[in-house]
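Scroll down for the structure; my scribbles are underneath it.
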Amino acid sequence: MEIFKPLDLTKEDQNTDIENIEKVRCLILGSGPAGYTAAIYAARANLKPVLYTGLEMGGQLTTTTEVDNYPGYPDGVTGPEMMEEFKKQAERFGADIRIGIATAADLSGKKHRITIDGNKIIEADTVIISTGATAKYLGLEAETRYAGMGVSACATCDGFFYKGKDVAVVGGGDTAAEEATYLAGLCRKVYMIVRRNVLRASKVMQDRVLKTPNIEILWEHQAVDLFGDNGVEGAILVKKKGTPQEEQVKIKIDGFFLAIGHAPNSDIFKEYIETDQVGYIKTIPGTSKTNVKGVFAAGDVQDPHYRQAVTAAGSGCIAAIDAERFLAEL
Ligand code: FAD
Ligand code: NAP
(Lines give C-alpha, C1' and ligand atoms only; values in the text may rest on other atoms or scores of the structure.)
(Ligands and ions follow the chains in the order given, each with its own letter.)
Protein backbone atom coordinates (compact mmCIF):
# COMPACT_ATOMS: atom_id res chain seq x y z
CA MET A 1 0.00 0.00 0.00
CA GLU A 2 1.37 3.44 -0.92
CA ILE A 3 1.74 5.86 1.92
CA PHE A 4 1.02 9.48 1.14
CA LYS A 5 3.50 11.83 2.76
CA PRO A 6 3.08 15.57 2.98
CA LEU A 7 5.11 17.37 0.32
CA ASP A 8 8.53 18.52 1.49
CA LEU A 9 8.41 22.11 0.29
CA THR A 10 11.57 24.15 0.33
CA LYS A 11 11.16 27.88 0.94
CA GLU A 12 11.45 28.55 -2.82
CA ASP A 13 8.65 26.15 -3.60
CA GLN A 14 6.15 27.25 -1.01
CA ASN A 15 2.88 28.45 -2.49
CA THR A 16 4.32 28.04 -5.95
CA ASP A 17 2.10 26.43 -8.44
CA ILE A 18 4.68 26.32 -11.26
CA GLU A 19 1.99 27.39 -13.78
CA ASN A 20 1.50 30.49 -11.75
CA ILE A 21 5.05 31.90 -11.99
CA GLU A 22 5.41 34.79 -14.37
CA LYS A 23 8.81 36.14 -15.36
CA VAL A 24 9.21 39.88 -15.84
CA ARG A 25 12.17 42.18 -16.34
CA CYS A 26 10.93 45.02 -14.20
CA LEU A 27 8.30 44.75 -11.47
CA ILE A 28 6.99 47.94 -9.86
CA LEU A 29 5.07 47.80 -6.60
CA GLY A 30 2.81 50.76 -5.87
CA SER A 31 0.76 53.25 -7.87
CA GLY A 32 1.60 56.58 -6.25
CA PRO A 33 3.67 59.30 -7.97
CA ALA A 34 6.85 57.20 -7.49
CA GLY A 35 5.45 53.97 -8.97
CA TYR A 36 3.72 55.58 -11.97
CA THR A 37 6.79 57.71 -12.78
CA ALA A 38 9.00 54.64 -12.59
CA ALA A 39 6.52 52.92 -14.92
CA ILE A 40 6.66 55.79 -17.46
CA TYR A 41 10.46 55.69 -17.58
CA ALA A 42 10.75 51.90 -17.53
CA ALA A 43 8.16 51.53 -20.30
CA ARG A 44 9.92 54.12 -22.46
CA ALA A 45 13.18 52.20 -21.91
CA ASN A 46 11.43 49.08 -23.19
CA LEU A 47 11.70 47.19 -19.89
CA LYS A 48 8.03 46.15 -20.28
CA PRO A 49 7.26 46.99 -16.66
CA VAL A 50 4.47 45.30 -14.75
CA LEU A 51 3.03 47.49 -11.99
CA TYR A 52 0.83 46.28 -9.14
CA THR A 53 -1.29 49.07 -7.71
CA GLY A 54 -1.78 47.86 -4.14
CA LEU A 55 -4.98 48.57 -2.24
CA GLU A 56 -4.88 52.34 -2.74
CA MET A 57 -4.76 52.87 -6.49
CA GLY A 58 -3.13 56.27 -7.07
CA GLY A 59 -1.60 56.38 -3.58
CA GLN A 60 -1.93 58.95 -0.81
CA LEU A 61 -2.87 61.82 -3.11
CA THR A 62 -6.19 60.17 -3.85
CA THR A 63 -7.18 61.09 -0.27
CA THR A 64 -6.67 64.82 -0.78
CA THR A 65 -8.49 67.61 -2.59
CA GLU A 66 -6.31 70.33 -4.09
CA VAL A 67 -2.67 69.76 -4.97
CA ASP A 68 -1.24 73.25 -5.40
CA ASN A 69 2.48 72.63 -5.43
CA TYR A 70 3.00 70.09 -8.20
CA PRO A 71 4.77 71.83 -11.11
CA GLY A 72 2.83 72.03 -14.34
CA TYR A 73 -0.58 72.73 -12.82
CA PRO A 74 -0.69 76.52 -12.46
CA ASP A 75 -4.31 76.46 -11.27
CA GLY A 76 -3.90 73.41 -9.01
CA VAL A 77 -5.45 70.00 -9.56
CA THR A 78 -7.26 67.49 -7.35
CA GLY A 79 -5.18 64.54 -6.11
CA PRO A 80 -7.37 61.85 -7.76
CA GLU A 81 -7.37 63.72 -11.09
CA MET A 82 -3.61 64.11 -11.07
CA MET A 83 -3.03 60.44 -10.29
CA GLU A 84 -5.39 59.40 -13.10
CA GLU A 85 -3.21 61.45 -15.48
CA PHE A 86 -0.05 59.73 -14.18
CA LYS A 87 -1.70 56.37 -14.83
CA LYS A 88 -2.79 57.28 -18.36
CA GLN A 89 0.70 58.51 -19.19
CA ALA A 90 2.27 55.25 -17.98
CA GLU A 91 -0.28 53.24 -20.00
CA ARG A 92 0.42 55.32 -23.12
CA PHE A 93 3.95 53.87 -23.18
CA GLY A 94 2.76 50.32 -22.59
CA ALA A 95 3.18 49.84 -18.82
CA ASP A 96 1.13 46.84 -17.70
CA ILE A 97 -0.85 48.15 -14.74
CA ARG A 98 -2.59 45.52 -12.66
CA ILE A 99 -4.68 45.51 -9.51
CA GLY A 100 -3.01 43.41 -6.82
CA ILE A 101 -1.04 43.55 -3.58
CA ALA A 102 2.43 42.17 -2.94
CA THR A 103 1.92 39.87 0.04
CA ALA A 104 5.37 38.24 0.38
CA ALA A 105 8.89 38.63 -0.94
CA ASP A 106 11.80 36.29 -1.42
CA LEU A 107 14.82 38.38 -2.34
CA SER A 108 17.42 35.72 -1.50
CA GLY A 109 18.29 34.67 -5.04
CA LYS A 110 19.42 36.33 -8.27
CA LYS A 111 15.83 36.44 -9.45
CA HIS A 112 13.46 38.14 -7.07
CA ARG A 113 10.24 36.40 -6.21
CA ILE A 114 7.26 38.48 -5.19
CA THR A 115 3.94 36.87 -4.26
CA ILE A 116 0.87 38.76 -5.39
CA ASP A 117 -2.42 38.42 -3.48
CA GLY A 118 -1.03 35.32 -1.76
CA ASN A 119 -1.32 33.11 -4.84
CA LYS A 120 0.61 34.37 -7.84
CA ILE A 121 4.39 34.55 -8.06
CA ILE A 122 6.26 37.07 -10.14
CA GLU A 123 9.90 36.33 -10.80
CA ALA A 124 11.57 39.62 -11.60
CA ASP A 125 15.06 40.62 -12.72
CA THR A 126 14.50 44.01 -11.10
CA VAL A 127 12.01 45.20 -8.50
CA ILE A 128 11.13 48.81 -7.77
CA ILE A 129 9.57 49.16 -4.33
CA SER A 130 7.36 52.25 -4.29
CA THR A 131 4.84 51.15 -1.71
CA GLY A 132 4.66 54.54 0.03
CA ALA A 133 3.29 54.98 3.49
CA THR A 134 0.10 54.35 5.51
CA ALA A 135 -1.73 56.55 8.02
CA LYS A 136 -0.69 56.17 11.66
CA TYR A 137 -3.08 55.87 14.61
CA LEU A 138 -2.45 56.86 18.22
CA GLY A 139 -2.82 53.27 19.39
CA LEU A 140 -5.83 53.92 21.64
CA GLU A 141 -8.22 51.05 22.19
CA ALA A 142 -11.03 53.55 21.45
CA GLU A 143 -9.76 53.99 17.86
CA THR A 144 -10.59 50.35 17.19
CA ARG A 145 -13.86 50.49 19.15
CA TYR A 146 -15.12 53.41 17.09
CA ALA A 147 -13.58 52.42 13.74
CA GLY A 148 -16.11 53.47 11.10
CA MET A 149 -18.24 55.01 13.88
CA GLY A 150 -16.58 58.40 14.17
CA VAL A 151 -12.87 57.61 13.82
CA SER A 152 -11.20 58.28 10.47
CA ALA A 153 -7.75 58.93 9.01
CA CYS A 154 -9.06 60.59 5.86
CA ALA A 155 -11.04 63.83 6.01
CA THR A 156 -11.51 63.95 2.26
CA CYS A 157 -13.02 60.49 2.29
CA ASP A 158 -15.27 60.84 5.37
CA GLY A 159 -15.66 64.56 6.05
CA PHE A 160 -18.99 64.75 4.23
CA PHE A 161 -20.63 62.62 6.95
CA TYR A 162 -19.91 65.34 9.52
CA LYS A 163 -21.53 68.24 7.68
CA GLY A 164 -22.70 70.85 10.22
CA LYS A 165 -21.21 68.87 13.15
CA ASP A 166 -18.22 69.36 15.47
CA VAL A 167 -15.05 67.35 14.84
CA ALA A 168 -11.43 67.12 15.98
CA VAL A 169 -8.24 66.62 13.99
CA VAL A 170 -5.19 65.23 15.78
CA GLY A 171 -1.78 66.47 14.60
CA GLY A 172 0.08 69.64 13.77
CA GLY A 173 1.72 68.87 10.42
CA ASP A 174 0.74 69.77 6.86
CA THR A 175 -1.77 66.92 6.66
CA ALA A 176 -3.51 67.99 9.90
CA ALA A 177 -3.58 71.62 8.75
CA GLU A 178 -4.98 70.62 5.38
CA GLU A 179 -7.58 68.25 6.86
CA ALA A 180 -8.67 70.84 9.45
CA THR A 181 -9.08 73.51 6.77
CA TYR A 182 -11.04 71.14 4.56
CA LEU A 183 -13.30 70.05 7.44
CA ALA A 184 -13.84 73.68 8.47
CA GLY A 185 -15.61 74.17 5.14
CA LEU A 186 -18.10 71.42 6.01
CA CYS A 187 -18.36 71.32 9.78
CA ARG A 188 -19.60 73.76 12.41
CA LYS A 189 -16.41 73.62 14.46
CA VAL A 190 -13.03 71.93 14.12
CA TYR A 191 -10.69 71.40 17.06
CA MET A 192 -7.04 70.80 16.22
CA ILE A 193 -5.44 68.70 18.95
CA VAL A 194 -1.73 69.60 18.93
CA ARG A 195 0.68 67.99 21.36
CA ARG A 196 3.27 70.77 21.38
CA ASN A 197 2.94 74.56 21.45
CA VAL A 198 3.96 74.91 17.79
CA LEU A 199 2.71 73.52 14.50
CA ARG A 200 5.02 71.46 12.33
CA ALA A 201 3.04 72.50 9.24
CA SER A 202 4.57 74.81 6.60
CA LYS A 203 4.04 78.55 7.04
CA VAL A 204 1.46 78.78 4.27
CA MET A 205 -0.64 75.98 5.80
CA GLN A 206 -0.33 77.47 9.29
CA ASP A 207 -1.59 80.82 8.00
CA ARG A 208 -4.57 79.10 6.42
CA VAL A 209 -5.47 77.42 9.72
CA LEU A 210 -5.01 80.53 11.81
CA LYS A 211 -7.20 82.56 9.44
CA THR A 212 -10.09 80.07 9.57
CA PRO A 213 -12.54 81.27 12.23
CA ASN A 214 -14.16 77.91 13.05
CA ILE A 215 -10.84 76.12 13.77
CA GLU A 216 -9.76 76.17 17.41
CA ILE A 217 -6.26 74.91 18.19
CA LEU A 218 -5.94 73.08 21.50
CA TRP A 219 -2.22 73.57 22.15
CA GLU A 220 -0.33 71.03 24.26
CA HIS A 221 -3.26 68.62 24.37
CA GLN A 222 -3.19 64.86 23.86
CA ALA A 223 -6.18 62.62 23.21
CA VAL A 224 -6.37 59.68 25.62
CA ASP A 225 -9.87 58.28 25.08
CA LEU A 226 -13.17 58.65 23.22
CA PHE A 227 -16.70 58.22 24.53
CA GLY A 228 -20.21 57.79 23.13
CA ASP A 229 -22.99 55.18 23.08
CA ASN A 230 -23.60 54.75 19.36
CA GLY A 231 -20.44 56.20 17.92
CA VAL A 232 -18.11 59.00 18.94
CA GLU A 233 -19.79 61.69 21.05
CA GLY A 234 -16.67 63.19 22.56
CA ALA A 235 -12.98 62.90 23.41
CA ILE A 236 -11.04 62.99 26.64
CA LEU A 237 -7.85 64.99 26.40
CA VAL A 238 -4.98 65.70 28.75
CA LYS A 239 -3.58 69.23 28.70
CA LYS A 240 0.12 69.83 29.50
CA LYS A 241 0.65 66.16 30.24
CA GLY A 242 3.40 65.38 32.73
CA THR A 243 3.63 68.95 34.10
CA PRO A 244 2.30 70.41 37.38
CA GLN A 245 -0.41 72.15 35.31
CA GLU A 246 -1.68 68.85 33.87
CA GLU A 247 -5.48 68.74 33.61
CA GLN A 248 -8.16 66.62 31.96
CA VAL A 249 -10.36 68.23 29.31
CA LYS A 250 -13.51 66.84 27.64
CA ILE A 251 -14.69 68.01 24.23
CA LYS A 252 -17.96 67.11 22.54
CA ILE A 253 -17.35 65.96 18.98
CA ASP A 254 -18.95 63.63 16.43
CA GLY A 255 -15.84 62.86 14.40
CA PHE A 256 -12.23 62.16 15.38
CA PHE A 257 -9.73 62.49 12.53
CA LEU A 258 -6.15 61.23 12.77
CA ALA A 259 -3.51 63.19 10.86
CA ILE A 260 -0.31 62.28 12.70
CA GLY A 261 1.70 61.06 9.79
CA HIS A 262 2.29 57.85 7.96
CA ALA A 263 4.41 54.70 8.41
CA PRO A 264 6.45 53.29 5.50
CA ASN A 265 5.02 50.13 3.89
CA SER A 266 8.19 48.05 4.01
CA ASP A 267 7.28 45.14 6.30
CA ILE A 268 7.30 42.35 3.73
CA PHE A 269 10.81 43.29 2.53
CA LYS A 270 12.47 43.66 5.95
CA GLU A 271 13.94 40.18 6.02
CA TYR A 272 16.18 41.14 3.09
CA ILE A 273 16.19 44.91 2.76
CA GLU A 274 17.86 47.24 5.22
CA THR A 275 15.61 49.84 6.79
CA ASP A 276 16.06 52.46 9.46
CA GLN A 277 14.44 52.13 12.89
CA VAL A 278 11.12 53.52 11.68
CA GLY A 279 11.05 51.21 8.66
CA TYR A 280 12.18 53.55 5.89
CA ILE A 281 14.16 51.60 3.30
CA LYS A 282 17.81 52.61 3.17
CA THR A 283 19.18 53.48 -0.25
CA ILE A 284 22.71 54.34 -1.34
CA PRO A 285 22.71 58.16 -1.23
CA GLY A 286 22.01 59.74 -4.60
CA THR A 287 20.62 56.47 -5.99
CA SER A 288 17.61 54.21 -5.50
CA LYS A 289 19.81 51.15 -4.86
CA THR A 290 19.04 49.04 -1.80
CA ASN A 291 21.40 46.51 -0.21
CA VAL A 292 19.98 43.81 -2.55
CA LYS A 293 21.21 43.87 -6.15
CA GLY A 294 18.41 44.55 -8.62
CA VAL A 295 16.04 45.87 -5.95
CA PHE A 296 15.42 49.61 -5.92
CA ALA A 297 13.26 51.84 -3.72
CA ALA A 298 11.52 55.09 -4.58
CA GLY A 299 9.14 57.59 -2.99
CA ASP A 300 7.93 57.87 0.59
CA VAL A 301 8.89 54.29 1.49
CA GLN A 302 12.56 55.40 1.44
CA ASP A 303 12.19 59.09 2.27
CA PRO A 304 11.92 60.19 5.91
CA HIS A 305 12.69 63.82 5.03
CA TYR A 306 10.78 65.31 2.09
CA ARG A 307 7.73 63.10 1.38
CA GLN A 308 6.28 65.21 -1.43
CA ALA A 309 4.62 64.14 -4.65
CA VAL A 310 7.30 65.79 -6.75
CA THR A 311 10.19 64.21 -4.81
CA ALA A 312 8.45 60.82 -4.99
CA ALA A 313 8.05 61.22 -8.77
CA GLY A 314 11.71 62.26 -9.09
CA SER A 315 12.89 59.22 -7.17
CA GLY A 316 10.64 56.98 -9.31
CA CYS A 317 12.51 58.28 -12.35
CA ILE A 318 15.86 57.56 -10.66
CA ALA A 319 14.75 54.00 -9.80
CA ALA A 320 13.71 53.23 -13.38
CA ILE A 321 17.02 54.52 -14.75
CA ASP A 322 18.93 52.54 -12.09
CA ALA A 323 16.96 49.40 -13.05
CA GLU A 324 17.62 49.96 -16.74
CA ARG A 325 21.40 50.34 -16.16
CA PHE A 326 21.44 47.28 -13.89
CA LEU A 327 19.78 45.19 -16.64
CA ALA A 328 22.14 46.57 -19.28
CA GLU A 329 25.14 45.46 -17.19
CA LEU A 330 23.85 41.90 -16.68
P1 FAD B 1 2.07 56.67 -2.08
O2 FAD B 1 1.39 57.83 -2.69
O3 FAD B 1 1.94 56.45 -0.62
O4 FAD B 1 1.58 55.37 -2.85
C5 FAD B 1 1.96 54.10 -2.40
C6 FAD B 1 1.38 53.07 -3.30
O7 FAD B 1 1.86 51.78 -2.93
C8 FAD B 1 -0.15 52.97 -3.25
O9 FAD B 1 -0.64 52.88 -4.55
C10 FAD B 1 -0.42 51.67 -2.49
O11 FAD B 1 -1.61 51.05 -2.89
C12 FAD B 1 0.79 50.86 -2.93
N13 FAD B 1 1.15 49.76 -2.05
C14 FAD B 1 1.30 49.74 -0.69
N15 FAD B 1 1.61 48.51 -0.27
C16 FAD B 1 1.66 47.73 -1.38
C17 FAD B 1 1.92 46.36 -1.59
N18 FAD B 1 2.20 45.53 -0.58
N19 FAD B 1 1.86 45.89 -2.86
C20 FAD B 1 1.61 46.70 -3.89
N21 FAD B 1 1.36 48.01 -3.74
C22 FAD B 1 1.38 48.50 -2.51
N23 FAD B 1 2.48 66.06 -1.39
C24 FAD B 1 2.61 67.13 -2.20
O25 FAD B 1 3.62 67.28 -2.88
N26 FAD B 1 1.60 68.03 -2.33
C27 FAD B 1 0.43 67.92 -1.65
O28 FAD B 1 -0.46 68.78 -1.78
C29 FAD B 1 0.28 66.81 -0.79
N30 FAD B 1 -0.88 66.63 -0.13
C31 FAD B 1 -1.02 65.53 0.67
C32 FAD B 1 -2.23 65.35 1.34
C33 FAD B 1 -2.42 64.24 2.16
C34 FAD B 1 -3.74 64.06 2.87
C35 FAD B 1 -1.37 63.30 2.31
C36 FAD B 1 -1.57 62.09 3.17
C37 FAD B 1 -0.16 63.48 1.65
C38 FAD B 1 0.04 64.60 0.83
N39 FAD B 1 1.22 64.81 0.16
C40 FAD B 1 1.36 65.90 -0.67
C41 FAD B 1 2.33 63.84 0.23
C42 FAD B 1 2.26 62.90 -1.02
O43 FAD B 1 0.96 62.37 -1.15
C44 FAD B 1 3.27 61.76 -0.92
O45 FAD B 1 4.55 62.30 -0.72
C46 FAD B 1 3.28 60.91 -2.19
O47 FAD B 1 2.00 60.41 -2.49
C48 FAD B 1 4.24 59.73 -2.04
O49 FAD B 1 4.19 59.00 -3.20
P50 FAD B 1 4.63 57.46 -3.27
O51 FAD B 1 4.46 57.07 -4.69
O52 FAD B 1 5.93 57.29 -2.63
O53 FAD B 1 3.63 56.68 -2.34
P1 NAP C 1 4.30 64.99 9.74
O2 NAP C 1 4.90 66.14 9.04
O3 NAP C 1 5.17 63.89 10.22
O4 NAP C 1 3.48 65.59 10.99
C5 NAP C 1 2.86 64.76 11.93
C6 NAP C 1 2.18 65.60 13.01
O7 NAP C 1 1.49 64.72 13.90
C8 NAP C 1 3.17 66.41 13.83
O9 NAP C 1 2.59 67.64 14.20
C10 NAP C 1 3.38 65.52 15.06
O11 NAP C 1 3.68 66.24 16.21
C12 NAP C 1 2.00 64.91 15.23
N13 NAP C 1 2.06 63.62 15.90
C14 NAP C 1 2.79 62.52 15.57
N15 NAP C 1 2.57 61.51 16.42
C16 NAP C 1 1.69 61.98 17.33
C17 NAP C 1 1.08 61.41 18.47
N18 NAP C 1 1.33 60.16 18.85
N19 NAP C 1 0.23 62.18 19.17
C20 NAP C 1 -0.05 63.45 18.81
N21 NAP C 1 0.50 64.06 17.72
C22 NAP C 1 1.36 63.32 17.00
O23 NAP C 1 3.18 64.27 8.84
P24 NAP C 1 2.16 64.88 7.74
O25 NAP C 1 1.53 66.10 8.25
O26 NAP C 1 1.30 63.73 7.36
O27 NAP C 1 3.09 65.26 6.51
C28 NAP C 1 3.91 64.25 5.88
C29 NAP C 1 4.62 64.83 4.67
O30 NAP C 1 3.67 65.11 3.63
C31 NAP C 1 5.33 66.14 5.02
O32 NAP C 1 6.56 66.16 4.35
C33 NAP C 1 4.40 67.19 4.49
O34 NAP C 1 5.08 68.37 4.14
C35 NAP C 1 3.76 66.48 3.28
N36 NAP C 1 2.45 67.06 3.01
C37 NAP C 1 2.41 68.18 2.24
C38 NAP C 1 1.20 68.81 2.02
C39 NAP C 1 1.19 70.05 1.19
O40 NAP C 1 2.24 70.48 0.75
N41 NAP C 1 0.04 70.62 0.91
C42 NAP C 1 0.04 68.32 2.60
C43 NAP C 1 0.12 67.19 3.40
C44 NAP C 1 1.34 66.58 3.61
P45 NAP C 1 5.13 66.89 16.43
O46 NAP C 1 5.18 68.06 15.51
O47 NAP C 1 5.08 67.23 17.87
O48 NAP C 1 6.11 65.82 16.09
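One-based numbering, in listed order, for ligands and for the atoms of each.
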Could you state the interatomic distance from [atom1] ([X]) to [atom2] ([Y]), rounded to the nearest 0.5 Å?
X	Y	atom1	atom2	answer
Asp254	Lys189	CG	NZ	13.5 Å
Leu183	Thr212	CG	OG1	11.0 Å
Met149	Asn230	CE	CG	6.5 Å
Ile121	His112	CD1	NE2	14.5 Å
Phe269	Thr290	CZ	OG1	10.5 Å
Ile114	Leu107	CD1	CG	5.0 Å

Do the ring planes of Phe86 and Tyr36 sit parallel (below 30°), tilted (30 to 60°) or perpendicular (above 60°)?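 Answer is tilted, since the angle falls between 30° and 60°.
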
Taking [Y]'s backbone N and O only, do any of them form a donor-acceptor pair with [X]'s side chain (distance below 3.5 Å, no angle check)?
X	Y	value
Asp117	Asn119	no
Ser130	Leu29	yes
Thr181	Val209	no

What atoms in ligand 2 come closer than 4.0 Å to a heavy atom of [X]?
X	answer
Tyr306	32 (O)
Arg307	3 (O), 29 (C), 30 (O), 32 (O), 35 (C)
Gly173	4 (O), 6 (C), 8 (C), 9 (O), 25 (O)

Suppose I only count heavy atoms of [X] and a 4.0 Å limit; which atoms of ligand 1 are within that range?
X	value
Thr53	8 (C), 9 (O), 10 (C), 11 (O), 12 (C), 21 (N)
Ala34	51 (O), 52 (O)
Asn265	14 (C)
Ile101	17 (C), 18 (N), 19 (N)
Ala312	48 (C), 49 (O), 52 (O)
Glu56	8 (C), 9 (O), 10 (C), 11 (O)
Gly299	52 (O)
Arg307	41 (C), 45 (O)

Specify side chain, backbone, both or neither for Ser130, according to which of its non-hydrogen atoms lie closer than 4.0 Å to ligand 1.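 Near ligand 1, Ser130 shows its backbone, while the atoms from C-beta on stay back.
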
Heavy-atom pairs closer than 4.0 Å: do any link ligand 1 to the side chain of Ala135, the backbone, both, or neither?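 For Ala135, no heavy atom sits under 4.0 Å from ligand 1.
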
[atom]: nearest protein contact (heavy atom, Å):
atom	result
atom 35 (C) of ligand 2	Gln308 NE2, 3.0 Å
atom 40 (O) of ligand 2	Asn69 ND2, 3.0 Å
atom 4 (O) of ligand 1	Gly59 CA, 3.4 Å
atom 53 (O) of ligand 1	Gly132 CA, 3.3 Å
atom 38 (C) of ligand 2	Asp174 CB, 3.7 Å
atom 23 (N) of ligand 1	Ala309 N, 3.4 Å
atom 26 (N) of ligand 1	Asn69 OD1, 2.9 Å
atom 44 (C) of ligand 2	Thr175 OG1, 3.4 Å
atom 9 (O) of ligand 2	Gly172 N, 2.9 Å
atom 39 (N) of ligand 1	Leu61 CD2, 4.0 Å

Is the NZ or CZ atom of Lys250 both under 6.0 Å from the centre of the six-membered ring of Phe227 and within 45° of that ring's axis?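 Yes; both conditions hold, so Lys250 lies above the ring face of Phe227.
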
Lys203 bridged to Asp207 by N-O distance under 4.0 Å: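 Yes, this pair counts.
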
Answer yes or no: is there an ion pair linking Arg325 with Glu329, defined by an N-O contact shorter than 4.0 Å?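 Between Glu329 and Arg325 there is no salt bridge, as every charged N stays at least 4.0 Å from the carboxylate O atoms.
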
Closest to [atom] among [options] (heavy-atom distance):
atom	options	result
atom 4 (O) of ligand 2	Arg195, Gln60, Arg200	Arg200
atom 6 (C) of ligand 1	Ser31, Gly54, Ala297	Ser31
atom 13 (N) of ligand 2	Val170, Asp303, Ile260	Ile260
atom 23 (O) of ligand 2	Ala201, Ala133, Gly261, Ser202	Gly261
atom 50 (P) of ligand 1	Pro33, Ala104, Ala176, Gly30	Pro33
atom 3 (O) of ligand 1	Gln60, Met82, His262	Gln60
atom 19 (N) of ligand 1	Gly35, Ala102, Pro264	Ala102
atom 32 (C) of ligand 1	Glu178, Arg98, Met57	Glu178
atom 13 (N) of ligand 1	Asp300, Thr131, Ile28, Ile99	Thr131

Would you mind reporting whether [Y] and [X] have side-chain heavy atoms less than 4.5 Å apart?
X	Y	result
Arg92	Lys88	no
Ile122	Arg113	no
Tyr73	Glu85	yes

Ligand 2 contact on [X] by region, counting heavy-atom pairs under 4.0 Å:
X	result
Leu138	side chain
Asp68	neither
Gln222	neither

Minimum-distance pair of heavy atoms, taken over all atoms of Ile99 and Met57: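 Heavy atoms of Ile99 and Met57 come nearest at CG1-CE, 3.6 Å.
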
Report yes if some N/O of His305 lies less than 3.5 Å from some N/O of ligand 2; otherwise report no.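 It does not: no N or O of His305 is found under 3.5 Å from an N or O of ligand 2.
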
Is it true that Phe93 and Tyr41 have ring centroids separated by less than 6.0 Å?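 Distance test on ring centres: not under 6.0 Å, no.
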
Do Asp322 and Thr287 pair up side chain to side chain, a donor and an acceptor below 3.5 Å, judged on atom types alone?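 Distance-only check fails for Asp322 and Thr287.
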
Less than 3.5 Å apart, any donor N or O on the side chain of Ser152 or Asp158 sitting next to an acceptor on the other?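 Short answer, yes.
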
Going by distance only, is there an N or O of Val310 that falls short of 3.5 Å from an N or O of ligand 1?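 Between Val310 and ligand 1 (N or O atoms, distance only) the closest approach is not under 3.5 Å.
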
The single option from Val224, Ile260, Val151 passing side-chain contact (heavy atoms from CB on, under 4.5 Å) against Leu138: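 That would be Ile260; it is the only one of Val224, Ile260, Val151 passing the side-chain contact (heavy atoms from CB on, under 4.5 Å) with Leu138.
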
